[in-house]
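Because the structure is predicted, anything quoted here is derived from the model rather than measured. Within every chain, numbering begins at 1; the chains are lettered A, B, ... in the order of the sequence lines, protein sequences first and strands thereafter.
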Amino acid sequence: MSRDHEPRVVTPGFRDRVYAAVRRVPAGRVTTYGDVAAVLGSPRVARHVGWALAALPAGTEVPWHRVINARGTISHRGDLVRAAEQRDRLESEGVDFDPSGRVDLRALRWDWPDLG
DNA sequence: TTGTTGACTCCCG
DNA sequence: CCGGGAGCCAACA
């Protein structure tokens, strides 16, 4: 039987919404997977934000490096090469990292002011 | 169809 | 603060 008839948050156009949301994050600022997911409609689909970014076509202009996890660290899940590139890009934008490789979310977390 | 996986997050200890 | 375990929802085999 039906558990809930609520519409799914992750629709076929989910990836494009993720990209559109991430593009709103300005240089020098960061956001989290959970924040992007919340903006899209559900904080529970944070993993799918990561999935969408993993499926990001090469050449697509999306500041994917500004998306980090809720702890303020870079999620690499084994891909240290991409993680290094992400950190390098962020540092190029002026994002500072702690000795432990952590970003100060309290100061740099984007607040999505354009949501109204 | 079921079971596994994942660029996550929260809760404990 | 950090590591481990559980929960989470779709994609994928």
### Query
Rounded to whole angstrom units, what separation is found between the CH2 atom of A:W64 and the P atom of B:dC8?
14 Å

### Message
More than 12 heavy atoms of other residues, nucleotides or ligands under 6.0 Å from CZ of A:R44: yes or no?
### Response
no

### Query
How close or far is atom P of C:dA11 from atom CG of A:L56, stated in whole angstroms?
17 Å

### Query
Can you tell which of A:I74, A:T73, A:D104 makes a side chain to side chain contact (heavy atoms under 4.5 Å, CB included) with A:F97?
A:I74

### A:R109 atom CZ: more than 12 heavy-atom contacts under 6.0 Å
no

### Message
Below 30° counts as parallel, above 60° as perpendicular, anything between as tilted: where do the rings of A:F14 and A:H48 land?
### Response
perpendicular

### Task
Decide side-chain contact (heavy atoms from CB on, under 4.5 Å) for A:V103 and A:I68; before the verdict, give the C-alpha distance in whole Å, the side-chain angles of both, and the deciding distance to 0.1 Å.
CA-CA 9 Å; A:V103 174; A:I68 58 180; 4.0 Å; yes

### Task
Looking at every strand, decide which applies to A:A70 at a 4.0 Å heavy-atom threshold: base, sugar-phosphate, or nothing.
sugar-phosphate

### Query
Could you state the CG-P distance from A:L40 to C:dC9, rounded to the nearest angstrom?
16 Å

### Worked verdict on A:W51 versus A:V18 for side-chain contact (heavy atoms from CB on, under 4.5 Å)
CA-CA 10 Å; A:W51 165 74; A:V18 171; over 6 Å; no

### Message
Short of 4.0 Å, heavy atom to strand atom, which residues of residues 71-110 of chain A count as contacting DNA chain C?
### Response
A:R71, A:R102

### Summary
CG (A:D111) and OG1 (A:T31) are apart, to the nearest 0.5 Å, by 9.5 Å

### Query
Could you state the CZ-C1' distance from A:R44 to B:dT9, rounded to the nearest angstrom?
12 Å

## Note on the structure
When rounded to whole Å, the CG to P distance for the pair A:L53 and C:dA11 reads 15 Å

### Query
When the distance from CZ of A:R17 to C1' of C:dC9 is rounded to whole Å, what number comes out?
15 Å

### Message
I'd like to know if A:R89 pairs up with A:E93 as an ion pair, taking the criterion as any Lys NZ or Arg NE/NH1/NH2 lying under 4.0 Å from an Asp or Glu carboxylate oxygen.
### Response
no

### Query
Rounded to whole angstroms, how far apart are CH2 on A:W51 and C1' on B:dG6?
12 Å

### Query
How long is the line joining CZ of A:R47 and P of C:dA10, in whole Å?
13 Å

### Message
Taking Watson-Crick (N1-N3 plus N6-O4 or O6-N4) and G-U wobble (N1-O2, O6-N3), each under 3.5 Å, can you produce the dot-bracket string of DNA chain C? Use [ ] for crossing pairs and | for inter-strand ones.
### Response
.||||||.|||||

### Task
Would you kindly confirm whether A:V62 and A:L90 end up in one hydrophobic cluster when ILVMFWY residues are joined by side chain heavy atoms under 4.5 Å apart?
no

